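Let me begin by presenting the structure, written as C-alpha cells, before commenting on it.
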There are 2 protein chains.
Amino acid sequence: MPKTLAKAPQKSRIQHQNQAVILKAALEVFSAYGYRGTTVDQIAVKAGLSKPNLLYYFKRKEDIYVAVLEHTLEEWLKPLRMLDVGGDPFIELTRYISEKLDMSFANPPASRIFANEILHGAPHIQKFLKGPLRELVEEKVKVIRHWIAAGKIKPIDPPHFIFAIWAVTQHYADFSTQVEAVLGSADGKAQVKLAVAEILLRGLKN
Amino acid sequence: MPKTLAKAPQKSRIQHQNQAVILKAALEVFSAYGYRGTTVDQIAVKAGLSKPNLLYYFKRKEDIYVAVLEHTLEEWLKPLRMLDVGGDPFIELTRYISEKLDMSFANPPASRIFANEILHGAPHIQKFLKGPLRELVEEKVKVIRHWIAAGKIKPIDPPHFIFAIWAVTQHYADFSTQVEAVLGSADGKAQVKLAVAEILLRGLKN
DNA sequence: GAAGCTCTTGACCATTTGATCAAGAAATAA
DNA sequence: TTATTTCTTGATCAAATGGTCAAGAGCTTC
C-alpha cells in the first residue's frame, strides 16, 4: 500500500477520539480561567492524559486554544443563519432569541470563551469578525430592513438591534454569576425567555 | 511627637500619588490581559516604577487587582443609584442608559475588568454582588414596579429589564472590538445612544 | 510474528514571574 | 546638622510552566 503523495490527513480512530476529549476539556478550562490562566497540565488532567501526550496531539498551547475557538464559532452562527425573511418577524425573532438563550443555558463555557476572546481584543478571530460574521450581519440587516419596509415591524436600527439581542442573550451565560447573585435564585429558563422576548420585541409591534 | 497607638493610616503625599499612578496603570494592563495575563513588571513599567518599588506599595499582585476592582465598583453603581422614582420614567431611563453608555465609551477598561471578573466567576467580588449590588437592584426594581402600577409604563419584568440595560450598554465597551469589526466604522456615540434607547424603551410606551 | 507505524510517558530544560531582601538614597523631623 | 523614617532598587530566589526528547508500549498490516 504505497503512501500517497500528500501527507495523509486522515485521522486514526484513537486520534479522533483523543482530540475530541482534549477539545472538550480545553473548552472548560479555558473558559473558566482564560488563556493565560490555563495551564497545559490542567487540560491534560481534565482530559485524562499526560501533558506530553496532549502535546503530541497539539504542538502548542495556543493551537489547542485556537482549535477550541474555531470549533465554537461554527455553532455560534447557526441560529442567526436561520433568520428567514419569508417568515413572520415576531415568530422568527422569538425563535432566534429562544435559541440563543438555549445556547447560553446549555453551554455557558462556549459563550464565555468567545466573550473572553473579544474582551481581550479578539487577537485570534479578527478574520472571523471582519469576514463571515460581518457578512452574515449585513445579510440579516437586510432582512430586518425588508420587514420594516413592508410595515411588518416598526422602524429600528437593524445592526444595533442585532447587537442588543446578542448582548442580552449572552448576558445570561457570561454574567450568570451576577444574575444569580442578584436574583438570589435563578429564574426558570422559560421565564427568562418570556421576559427577554418581551423586552426586546414589544417595541417592534404596531 | 509621640506615635499614636494605632498604626498611622495616614498616607504621605508621595504615597498617595504613587498609589494613584499604580492603580491607573494596573487598570489598563489588567483589563487588557486579564489577571493571570498581566505581569507585575508590566504594571511597574507602565507606572514608571521598578517592580520592587511597586511591591512596596502593594505587597502582592492580587492586592493591586483587588484595589483596582474596588475602585471601579464605586463608579459602577453611581448612575443606577440616581434612578428616581419621582421623575418621569422615560426621562429617567433615557438618562440612565445615556450615562451607562457614556461610561462604556469613556472608560472601556473599567467595564472590561469588571466583565472579566464576573466571567470568571467573580471570585473577588461575591460579597459586592450579593450585598450592595443586590440591594440596589431590589430598590430600583421597586421603582420600576411603582411606575408600572401607576400606569406610567407598560408591564415588564423589572430585574430582567435592568439586566437588559446592563447587557446592552456594557456591550459597547466589552465587545467594542466586535462592534467595530462588524460595522466597519464605529457609529457615532449620539447615534448609538438613540438606537439603544429606542430598542430598550419603546416597548414601555403606551 | 515481524516490521513499521502510532501512541504514551518519565525525566528534563529554559524561561517567566511573583516575591524577598539588604543596602543605599531621599525626604522629613529633631 | 543629625536622627529617623520613608522610599527605591539591583540582585536574587523558588516555583510554575510551556515545551522537548528519547525510549518504550501498543496497534496494524503483511
Side-chain angles (χ1 to χ4, degrees), chain A residues 1-26 28-30 32-69 120 123-124, chain B residues 1-23 25-30 32-69 120 123-124:
Chain A
M1 200 146 296
K3 253 196 176 150
T4 47
L5 350 152
K7 297 173 194 167
Q10 48 183 332
K11 297 172 188 173
S12 74
R13 178 180 41 79
I14 197 167
Q15 216 168 104
H16 207 276
Q17 178 190 312
N18 275 346
Q19 284 193 355
V21 170
I22 291 169
L23 287 183
K24 188 185 174 198
E28 292 178 35
V29 183
F30 277 131
Y33 302 102
Y35 178 73
R36 290 282 290 262
T38 293
T39 72
V40 177
D41 228 22
Q42 272 180 295
I43 302 173
V45 168
K46 178 149 271 183
L49 301 174
S50 68
K51 185 169 70 166
N53 197 187
L54 188 149
L55 288 169
Y56 168 77
Y57 292 101
F58 295 89
K59 285 298 167 207
R60 300 178 308 148
K61 178 187 180 184
E62 196 178 6
D63 293 345
I64 313 174
Y65 180 72
V66 170
V68 171
L69 216 48
H120 296 340
H124 300 91
Chain B
M1 203 147 293
K3 250 194 183 155
T4 47
L5 347 153
K7 298 173 194 166
Q10 50 182 332
K11 298 172 186 172
S12 74
R13 179 180 39 80
I14 197 167
Q15 216 168 106
H16 206 276
Q17 176 191 313
N18 274 347
Q19 285 194 354
V21 169
I22 291 170
L23 288 183
L27 172 60
E28 292 179 35
V29 183
F30 277 130
Y33 303 103
Y35 178 72
R36 290 280 291 260
T38 294
T39 71
V40 176
D41 227 21
Q42 273 179 295
I43 303 173
V45 167
K46 178 149 271 184
L49 301 173
S50 68
K51 185 167 69 166
N53 196 13
L54 188 150
L55 288 169
Y56 169 76
Y57 291 101
F58 295 88
K59 286 299 169 206
R60 300 177 308 149
K61 179 188 180 182
E62 196 177 5
D63 292 346
I64 312 174
Y65 180 72
V66 171
V68 170
L69 216 47
H120 296 342
H124 300 91

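These figures come from a predicted structure and were not determined experimentally. The chains referred to below are lettered A, B, ... by the order of the sequence lines, with proteins before strands, and numbering in each begins at 1. The figures here come from the full heavy-atom set of this structure, side chains too, leaving out hydrogens, waters and symmetry mates.
Under 4.0 angstrom from either OP1 or OP2 of C:dT8 there lies no side-chain N or O belonging to A:Y56. Distances shorter than 4.0 Å separate none of the side-chain N or O atoms of A:N18 from OP1 or OP2 on C:dT6. Look at A:Y57 and you won't find any side-chain N or O under 4.0 angstrom from OP1 or OP2 of C:dT6. OP1 or OP2 of C:dT17 sits under 4.0 Å from a side-chain N or O of A:R36. Side-chain N/O atoms of B:Q15 include one lying less than 4.0 angstrom from OP1 or OP2 on D:dC7.
Between the base of D:dG18 and the side chain of A:K51 there is a donor-acceptor pair shorter than 3.5 Å.
Using cut-offs of 30° and 60° for the angle between ring planes, the B:F30 and B:Y35 rings count as parallel.
Here the P atom of nucleotide D:dA11 and the CG atom of B:D41 are 15 Å apart, to the nearest Å. Atom CD of B:E62 is separated from atom P of C:dG18 by 12 Å (rounded to the nearest Å). Atoms CG (B:L55) and P (C:dC21) sit 12 Å apart, rounded to a whole Å. Atom pair B:K61:NZ and D:dA14:P shows a separation of 21 Å (rounding to whole Å applied). In this structure, the CD atom of B:Q17 is 11 Å from the P atom of D:dC7, given to the nearest Å. Here the P atom of nucleotide D:dT17 and the CD atom of A:Q42 are 7 Å apart, to the nearest Å. Going from atom OH of B:Y33 over to atom P of C:dT17 covers 12 Å, rounded to whole Å. The distance between atom NZ of B:K59 and atom P of C:dT20, rounded to the nearest whole Å, is 7 Å.
When all heavy atoms of B:K46 and B:A25 are compared, the pair lying nearest together is CG-CB, 3.6 Å. The minimum heavy-atom distance between B:L23 and B:A67, with the atom names listed, is CD2-CB, 3.7 Å. Across every non-hydrogen atom of B:Y33 and B:T38, the tightest pair is CB-OG1, 3.8 Å. The two atoms that bring A:I64 and A:A26 nearest to each other are CG2-CB, 3.5 Å, heavy atoms only.
In this structure, A:I14 reaches the sugar-phosphate backbone alone: every heavy-atom distance under 4.0 Å involves primed, P, OP1 or OP2 atoms, never a base.
Closest-nucleotide positions on DNA chain C for B:T39 and A:N53 were compared, and the one nearer the 5' end corresponds to A:N53.
Listed candidates were D:dG19, D:dT8, C:dC21. Nearest to the side chain of A:R60 is D:dG19.
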